[in-house]
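Letters go in sequence order (proteins before strands), and every chain restarts at 1.
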Amino acid sequence: MARVTLTDVNKIYPSRGETVHAVKDLNLEIEDGEFVALLGPSGCGKTSTLRMIVGLEAITSGEIAFDGRRVNELDPQRRNVAMAFETYALYPSFTVAENLAFPLQVMGLAEAERTAKVREMAAMLRLEDILDQSPGALSGGQQQRVSLGRALIREPAAFILDEVMSHIDAHLKFRMLFDLKRIHRDLGRTMIYVTHDQVEALALADRVAVMSQAELRQVGTRNELYHRPADVFVADFIGEPPTNFFPVCLRAAGNGAGPARLHVEGEDSDLVFDLAPARAARLRETGAERFIAGIRPQNLHLAGAEANVDVATVARWGAAAAGAGAGAGGAEERAGSRTGEVTAEVTISEYLGERVILTLRNGSRVFRALASPETRAARGERVRLRYDPQNVMVFSASTEALIA
Amino acid sequence: MSDSSYRLVRGLLLAFLGLWLLLTLFPFYWQIITALKDAAETNRTIPTFWPEVWHPENFKLVFAERSNLQALIDSFVIATGNTLASLVLGTLAGYAFARFPRQAGGENLAFWILSNRMFPPVAVLVPMFFLFDATPWGTDSHLSLIILYLVFNMPLATWLMMVFFRDAPRELEEAAYLDGYTPIKAFFKVTLPLVLPGMISVAMLCWIFAWNEYLFANLFVGTAVKTFTIVIPTFTHGSQTLWNLQMAFSLIAMLPPLVLFIVLRRYMVRGLSLGVVKG
Ligand SMILES: Nc1ncnc2c1ncn2[C@@H]1O[C@H](COP(=O)(O)OP(=O)(O)OP(=O)(O)O)[C@@H](O)[C@H]1O
Ligand SMILES: [Mg+2]
């Protein structure tokens, strides 16, 4: 059982004359028994962070504590953590069963108990048929499951799992995510799960920590990340398809106190997004004129005959907008919002079964919207898109942080 | 390519291989038949290509001189002692260079160690003699050659072991740490088994070098200790050379490396390809 606290943690690798700053001023608190996913693109420092937590890599500066006790100087074998490696790290001279049993053997568990646990783990990870094989004879996905099993077979203070499902097919992954979640619930141990796949992170974790370029961008629940992304990176990284971004400039209508509008920059583009007055005020407080506006494809809805929407869909938008509004806070803001509208020409229509991704163009601006599979909008057609102004996210053009 | 020219190329190739085989195997053939002749037959002006009378007892006669057997034993002790020392030092140093390059002095130090092997040994022959002469055990001892051969074998062992350790994934050791192994235990139980084939091939290279060495042995030892390499020339007495006994003795001396190679062949091939094919 452990609460893991990282305080101002830095990792700098010396590397042939120059240095690589792999983790920058990382602050993160993981509650005892919590399931936290560390999400970020390749090379952002996820593995480096894990390696410092388990004690395989020296901490350049900062402090890591388990249950408030500093562990910086503690050897990995004394930290009582189990880790599954990105590279599997299976012992090549052992069979699968021996690999799984290894941590138990080191602990000094009796043979019978070991065998029972190995059986149980093998059943869960569907490894029963290959228990007697050596790791060299296995496929990547099989090796990965053995490596995951070897980490999960113990009951340490914390589980550290580094990209343990990157080579597992979608079908099996679905079941394994479920099993992993169940293990976490049964054991109640802290789990830190590294991945670059947002689906895994959002499916498993209580909270997700998003990293990019050695820095922690945001920590939060899936709702917080989706509806209140801290900056452009998080808004872009979380959600599929990614958020549409536009460079915009703020113009007041009338005397400056009324509703403000965001004009998308670009010569031949006539895109304009409406803003609620309270949010406009927040933008004006910054003193800046230029911003980055973001709106998710899910929040752009076809209007009119092309949409072919039913009443239920409209009701769903309402609910989504209400959810977002609750995050942003401010009842008056919600009261002041009405539906906004933009027009654009359809350039690509991708049919993906349960939904259609429309790629749209307005002047030189290209963006995407989701539509229902029954949509009649065709290539070359000019369509109207409705949105709730609550769903327009505005970021600072200089720091890329969320403003409103 | 037409069928006939294909056959021509193939024929030429076979002829070349046959010729090459003849050239390389002829000395062995000559060695064997000489070892089986009597002394008179070996000294004929017109040599015989097949022994007229077979004398397999030559192989026993060689050991009438008791010191000849002792020389083989001495060589064995020196080669084995040196191999063990090279392996221990080379494995430890190689591990340090592979895992802690910065702390261990880096690539430059590793290369400097290897470069010792490129130095022409003759250049230091005489200084080495005086150096070892000043030690308590002197030059004429097993220990002197065991230590001296480290100059050649340890750099090789260090460098090769370094390459093997680099190829052995570090994560395996790290996984063992997390499962509760100490670094020492992880080294012996996890990493060492991985490089064992490599270690065996390094051992063979070291052993064969030490077994065959003549130049330094000739100068250093000869009274209390004799290696077989310095015994072989002693079959010449004045103007007469006992070719048959000399050949019989050298054939016997060829056996240990041959047996070693046959027994360890499997590891040798795997060890030498360790760096090439990754698991
Ligand atoms: N031992 C090392 N020496 C030097 N640089 C390193 C070392 N390990 C990692 N780095 C660098 O640190 C940065 C972060 O690496 P890290 O392995 O933590 O990324 P990651 O987020 O786990 O990426 P991935 O998703 O590809 O596994 C990278 O730029 C990498 O090149
Ligand atoms: Mg990684």
Side-chain angles (χ1 to χ4, degrees), chain A residues 13-17 47 50-58 74-94 98-109 134-138 143 146-154 156-162, chain B residues 91 95-111 162-201 266-267 269-271 273-279:
Chain A
Y13 292 108
S15 147
R16 292 209 176 259
T47 300
L50 289 193
R51 288 174 60 84
M52 286 190 284
I53 293 175
V54 299
L56 292 173
E57 205 72 65
L74 214 58
D75 287 337
Q77 47 274 64
R78 315 249 331 268
R79 294 195 192 186
N80 190 24
V81 289
M83 178 165 172
F85 287 79
E86 204 171 357
T87 50
Y88 320 144
L90 300 176
Y91 307 117
S93 47
F94 292 174
E98 286 165 344
N99 264 287
L100 287 173
F102 183 80
L104 305 177
Q105 197 185 338
V106 177
M107 278 165 56
L109 220 65
S134 81
L138 304 182
Q143 291 185 38
V146 177
S147 145
L148 177 61
R150 193 181 57 187
L152 293 177
I153 205 159
R154 238 166 15 116
F159 291 105
I160 313 283
L161 308 175
D162 195 353
Chain B
T91 302
Y95 184 77
F97 282 126
R99 287 290 190 267
F100 312 100
R102 215 167 300 277
Q103 291 90 329
E107 190 91 331
N108 293 339
L109 186 61
F111 184 75
M162 175 183 83
V163 173
F164 296 144
F165 278 123
R166 268 191 200 153
D167 288 342
R170 186 187 205 129
E171 271 99 355
L172 287 185
E173 272 164 67
E174 294 177 336
Y177 297 165
L178 292 175
D179 289 335
Y181 265 13
T182 59
I184 300 274
K185 212 166 171 190
F187 172 76
F188 281 109
K189 295 232 167 162
V190 174
T191 309
L192 215 53
L194 284 184
V195 297
L196 197 66
M199 253 175 114
I200 289 172
S201 47
R266 214 159 48 86
Y267 295 100
V269 175
R270 252 175 70 198
S273 60
L274 257 191
V276 187
V277 199
K278 296 229 173 96

**Q.** From CA spacing to verdict: side chain to side chain contact (heavy atoms under 4.5 Å, CB included), B/Tyr177, A/Leu56
**A.** CA-CA 9 Å; B/Tyr177 297 165; A/Leu56 292 173; 4.0 Å; yes
Q. Does OH in A/Tyr13 sit with more than 12 non-hydrogen atoms of other residues, nucleotides or ligands closer than 6.0 Å?
A. yes
Q. Sequence neighbours excluded, which residues qualify as side chain to side chain donor-acceptor pair (under 3.5 Å) partners of A/Glu86?
A. A/Thr47
Q. Where does A/Tyr91 contact chain B at under 4.5 Å (heavy atoms): side chain, backbone, both or neither?
A. both
Q) Which pairs count as salt bridge (charged side-chain N to carboxylate O under 4.0 Å, His left out) when at least one residue sits in residues 97-106 of chain B, sequence neighbours excluded? A) B/Arg99-B/Glu173
Q.
If I measure from the heavy atoms of chain B, does A/Pro14 come under 4.5 Å with its side chain, its backbone, both, or neither?
A. both
Q. How far apart are the closest heavy atoms of B/Leu178 and A/Pro76, and which atoms are they?
A. CD2-CB, 3.8 Å
Q | Per-residue contact mode, A/Arg51 against chain B (heavy atom under 4.5 angstrom) | A | side chain
Q.
With heavy-atom distances below 4.5 Å as the criterion, would you say the side chains of A/Pro92 and B/Leu172 are in contact?
A. yes
**Q.** For chain B, the option from A/Arg79, A/Met107, A/Gln105, A/Arg154 that forms the most heavy-atom pairs under 4.5 Å
**A.** A/Arg154
Q.
Looking at every heavy atom in both B/Asp179 and A/Val106, which two are closest together, and how far apart are they?
A. O-CG1, 3.1 Å
Q) At what distance, to the nearest 0.5 angstrom, does OG1 of A/Thr87 lie from CZ of B/Arg170? A) 12.0 Å
**Q.** Under 4.5 Å from any heavy atom of chain B - which part of A/Leu90
**A.** backbone
(Q) To check you understand the geometry: which heavy-atom pair defines the closest contact between B/Gly180 and A/Gln77, and what is its length? (A) CA-CB, 3.8 Å
Q | Which atoms of A/Arg78 approach chain B - backbone, side chain, both or neither, heavy atom under 4.5 Å | A | neither
